[in-house]
There are 2 protein chains.
Amino acid sequence: MDIRTLCLGLLTMGDASGYEIKKTFEEELSHFYEASYGSIYPALTKLTEEGLVSCREMAQEKRPDKKVYSITPMGRLAFMDALSKKPGRDRIRSDFLAILMFADLLPARQLSRLIDDRIDHYRERLAELDDCHASQEETPAHQFVTGYGRAVYQAAIDYLEDNRHVVEGEALLSRASAAG
Amino acid sequence: MDIRTLCLGLLTMGDASGYEIKKTFEEELSHFYEASYGSIYPALTKLTEEGLVSCREMAQEKRPDKKVYSITPMGRLAFMDALSKKPGRDRIRSDFLAILMFADLLPARQLSRLIDDRIDHYRERLAELDDCHASQEETPAHQFVTGYGRAVYQAAIDYLEDNRHVVEGEALLSRASAAG
DNA sequence: TCTCGCATGTAACGTGTTACATGATTCC
DNA sequence: GGAATCATGTAACACGTTACATGCGAGA
């Protein structure tokens, strides 16, 4: 699913401007998708050209004008069609795990630091999901996805805490054998 | 971490050809990185030009010739340097979760199918990790990363099984209210 | 004054994928 | 005979990011 299709999908939930769509990406979607203005604005322009969304310009007081996009009936059809395709495989690209594959090359301190940071990072992400849960009325779908994120982050934290000794112990050992 | 750097890293574990590196990506790394020939071969060419790896051509009997790459001392330094940088954030792009955000737009049957397939998919991934564990002598680093994958997949499966009713129930409900 | 939030957009660039081109051998 | 594995490579393309360009209003 490309950014273009996802923008279309977000518009099924209500009209929005490019700026607001970007915020949605940063908030609700940030855990499993990313998008920058450089992809969102051109996507909206193209969707408009194709007749899948319509656009009206809104003059605002004390704010810049905004362009509010609405999905069209044709757009809804197109999105339903996209939803019916079987999903592509998740694309994951984890620097953290890539680096860990070479844990034996890292100084012990650096390795511990890396894992500490990652645990902190996941805790922050968990907190974000909890905020999200607290502040907004959520659809069951949204709740489900949020819960999924929580489950995965929690599993990651637990695993790192319970098993870090496997690599950290090794680092200590090779230091010891190098020293002695 | 780009593909180029990761190729360099794999060569710290032993000499290899482009073809073999591709296989490593498909096996050990497939759970958190992907790479095609179209990125691997040019990466190796560039690394060679930069003096970070060296290359010798091996004539083989009953097999095409192969080019075996070795990391150079300069290459090792460059890789250690890359490892010392703090990791970028994980890039995740999940069609599955994106579709789930719009679960209320999906027919109940399709939604159930989607979740069934995903659970199967994770079970397969788990099995791959178990094979990996069984078949190969693994470094502690490798074990650790493999275990991480297992923990996360298992958490995902458990979550989906325990909570699918949250979205599936909703689908049934909206069907019922539409019908009655 | 300076930074932050609101608001839109483009051009250059990076990075990687897909599809194509080629060809021997082995297993079913 | 046909598919799979081994083996390398390129060119066209897709897709998205980064950095830049612009500008007002509010609050510290």
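Letters A, B, ... mirror the listed sequences (proteins, then strands); counts begin at 1. Everything numeric in this text was worked out from a predicted model, so none of it was measured.
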- Hey, does Leu52(A) have a side-chain heavy atom less than 4.5 Å from the side chain of Ile71(A)? no
- Item | Ser39(B) vs Arg4(B) side-chain heavy atoms within contact, under 4.5 Å | no
Choose from [options] the nucleotide whose nearest atom is closest to any side-chain atom of [X].
X: Arg93(A); options: dG9(D), dG16(C), dG9(C); value: dG16(C)
X: Glu34(A); options: dT17(D), dT8(C), dG9(D); value: dT17(D)
X: Asp2(B); options: dA7(C), dA7(D), dG16(C); value: dG16(C)
X: Tyr37(A); options: dT8(D), dT17(D), dT8(C); value: dT8(C)
X: Ser39(A); options: dT17(D), dG9(C), dC6(D); value: dT17(D)
X: Ser36(B); options: dA7(D), dT18(C), dC6(D); value: dT18(C)

- Query: When all nucleic acid strands are considered with a 4.0 Å heavy-atom cut-off, which category describes Tyr69(A): base, sugar-phosphate, or nothing?
  - Reply: sugar-phosphate
- Task: Determine the contact category for Thr45(B): base if any of its heavy atoms lies under 4.0 Å from a base atom, sugar-phosphate if only primed atoms, P, OP1 or OP2 are that close, otherwise nothing.
- Result: nothing
Calculate the interatomic distance between [X] atom [atom1] and [N] atom [atom2]; express it in whole Å.
X: Glu57(B); N: dT8(D); atom1: CD; atom2: C1'; result: 10 Å
X: Met58(A); N: dA7(C); atom1: CE; atom2: C1'; result: 13 Å
X: Ile3(B); N: dT18(C); atom1: CD1; atom2: P; result: 12 Å
X: Lys22(B); N: dA4(D); atom1: NZ; atom2: P; result: 15 Å
X: Tyr33(A); N: dG16(D); atom1: OH; atom2: C1'; result: 12 Å
X: Leu47(A); N: dG9(C); atom1: CG; atom2: P; result: 13 Å
X: Asp65(B); N: dG23(C); atom1: CG; atom2: C1'; result: 12 Å
X: Met1(A); N: dA14(D); atom1: CE; atom2: C1'; result: 18 Å

- Message: In this structure, is the centre-to-centre distance between the rings of Phe144(B) and Tyr159(A) below 6.0 Å?
- Response: yes
- Message: By nearest heavy atom, map Arg91(B) and Gly38(B) onto DNA chain D; which one lands nearer the 5' end?
- Response: Gly38(B)
- Looking only at side-chain N and O atoms, does Tyr19(B) come under 4.0 Å of OP1 or OP2 in dC6(D)? yes
- Dump the intermediate steps for side chain to side chain contact (heavy atoms under 4.5 Å, CB included) on Asp90(A) and Arg93(B), then the final yes or no. CA-CA 6 Å; Asp90(A) 292 358; Arg93(B) 175 158 281 214; over 6 Å; no
- Task: Any chance you could measure Ser94(A), atom OG, to His31(B), atom NE2, to the nearest 0.5 Å?
- Result: 13.0 Å
